[in-house]
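A quick write-up on the structure given underneath.
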Number of protein chains: 2
Amino acid sequence: MFSKACEYAIRASIYIARQSMTDKRASLIDISQEIASPVSFTSKILQQLVKAGIIYSIRGQNGGFGIDAAARSTKTIANIVTAIDGDAIFIDCGLGLKECSSTQPCPIHQKFIGIRNELKLVLDSTSIEEVASGLKDGETYLKR
Amino acid sequence: MFSKACEYAIRASIYIARQSMTDKRASLIDISQEIASPVSFTSKILQQLVKAGIIYSIRGQNGGFGIDAAARSTKTIANIVTAIDGDAIFIDCGLGLKECSSTQPCPIHQKFIGIRNELKLVLDSTSIEEVASGLKDGETYLKR
DNA sequence: ATCAATTCGGACAATATTATCCGATTAAAT
DNA sequence: ATTTAATCGGATAATATTGTCCGAATTGAT
Ligand code: SF4
Ligand code: SF4
């Protein structure tokens, strides 16, 4: 459904949020350890998230990554997905047919659009904080 | 959502079905022309569909591909997806988190499982024939 | 029997995605 | 100032996906 990069981005964001909630900063090493992802690749992805304004980074000693309280509650899983994978999954026809023409749609168009919209709705309405605080003692859930 | 190969497979199956419904056989050249896909790549995909028992092929002059009436009505879009992409999309957690544990699920588990199940339901309950016959004069819908 | 039209199968090539490496930069601690 | 711990950014490599090529096999038509 999502790219590997996007999955790492989601997992990393959740871990970083959990750390930030207790004012701890997350280092790249910690993050890739906790979410079971390749270190250098994760680095690139975190940079993208920083550029997208979803997380922040601080360089130098005692640096690391964090998500401030505002971003935790306003940024959603959908924001992460869009930042990494773009919005194709929210827009493209799943069947790979020609772009949706609502004037003469294919037979399963209504069902399909329904699923796509529901997916968007769920990801749009799920803040990073919501997922992070719901995962009580479950860091292991962030691994594969 | 699906791989390119899978999208071609779906489009090709629909076109072949439409041809078979009027007892015409579809050649590789015709198919890739009609669904706007690379010829040789499409060839590989059609071979997979043949092996999966979704379409049949006949070699030699006046050969080509077809889908018999039984397969048209019993084989579903889900069958095509599974044949080409496997069933990861029906099974894996979309967030890329650890495999779903219903004992201690993540906060959005219920919503997510709902979407996944609905997707499976739709694709499972949509026969190739249903889509093919719904696309009346819309071959162009099979292109990109 | 030969030819032409077709699928099949294997090897190969191009591209995209995933992943690694390393020097540059930044900032705190000593 | 120097050292140390960290992110940043660019080049490179490995792998997966997508796409091409071509000869072999099959079948119908001449
Ligand atoms: S009409 Fe059918 S093929 Fe087109 S976007 Fe909608 S579901 Fe996809
Ligand atoms: S519990 Fe959450 S993370 Fe796990 S499979 Fe369900 S939706 Fe995905």
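Convention: sequence-line order gives letters A, B, ...; per-chain numbering from 1. Only a predicted model underlies this, so the values are computations on that prediction, with no experimental measurement involved.
- Rounded to an integer number of Å, the gap from CZ of B:Phe41 to C1' of C:dA16 is 13 Å.
- Heavy atoms of B:Leu28 sit under 4.0 angstrom from primed sugar atoms or phosphate atoms, though from no base atom.
- When all heavy atoms of A:Ile128 and A:Ser13 are compared, the closest pair comes out as CG2-O, 3.9 Å.
- In this structure, the nucleotide among C:dT18, D:dG19, D:dT20 sitting nearest to the side chain of A:Ser3 is C:dT18.
- Protein atom OH of A:Tyr8 is 8 Å distant from nucleotide atom C1' of C:dT18, rounded to whole Å.
- Of the N and O atoms on the side chains of A:Thr82 and A:Asn79, not one donor lies less than 3.5 Å from an acceptor on the other residue.
- No donor-acceptor pair closer than 3.5 Å links the side chain of B:Arg116 to the backbone N or O of B:Ile89.
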Steps toward side chain to side chain contact (heavy atoms under 4.5 Å, CB included) verdict (B:Ile10, B:Val81): CA-CA 8 Å; B:Ile10 294 171; B:Val81 171; 4.3 Å; yes

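- A distance of 4.5 Å separates CD1 of A:Ile115 from CD of B:Glu118, quoted to the nearest 0.5 Å.
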DNA chain D base-pair string [pairs: Watson-Crick or G-U under 3.5 Å; |: paired with another strand]: ||||||||||||||||||||||||||||||

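- Remark: P of C:dC8 and NZ of B:Lys44 are 10 Å apart, rounded to the nearest angstrom.
- Residue order along DNA chain C, read from the 5' end via each residue's closest nucleotide, puts B:Ala26 first among B:Ala26 and A:Lys4.
- As rounded to whole Å, 18 Å separates atom C1' of D:dT18 from atom CZ of B:Phe2.
- Judged by distance alone, the side chain of B:Arg25 and the main-chain N or O of B:Gly64 form no donor-acceptor pair under 3.5 Å.
- In this entry the distance linking CD of B:Glu7 with P of D:dT17 reads 15 Å, nearest Å.
- Checking D:dG19, D:dA6, C:dA19 against the side-chain heavy atoms of A:Ser27 singles out D:dA6 as nearest.
- Phosphate proximity of C:dG9 to B:Gln47: present, with a side-chain N or O under 4.0 Å from OP1 or OP2.
- Remark: side-chain polar atoms of B:Asp68 are paired, donor with acceptor, to backbone N or O of B:Ala71 under 3.5 angstrom.
- We find that CD of A:Gln48 is positioned 13 Å from C1' of D:dG9, with the value rounded to whole Å.
- Heavy atoms only, all atoms of each residue included: A:Glu7 and A:Phe2 are closest at OE2-O, 4.0 Å.
- For the atom pair CZ of B:Phe65 and CG of B:Leu46, the computed distance is 4.5 Å after rounding to the nearest 0.5 Å.
- At whole-Å resolution of the value, CG in B:Asp30 and P in C:dA5 are 14 Å apart.
- Separating the CD atom of A:Gln19 from the C1' atom of D:dA6 is a distance of 16 Å, rounded to the nearest angstrom.
- Less than 4.0 Å separates DNA chain D from at least one heavy atom of each of the following residues of residues 56-67 of chain B: B:Arg59, B:Gly60, B:Gln61, B:Asn62.
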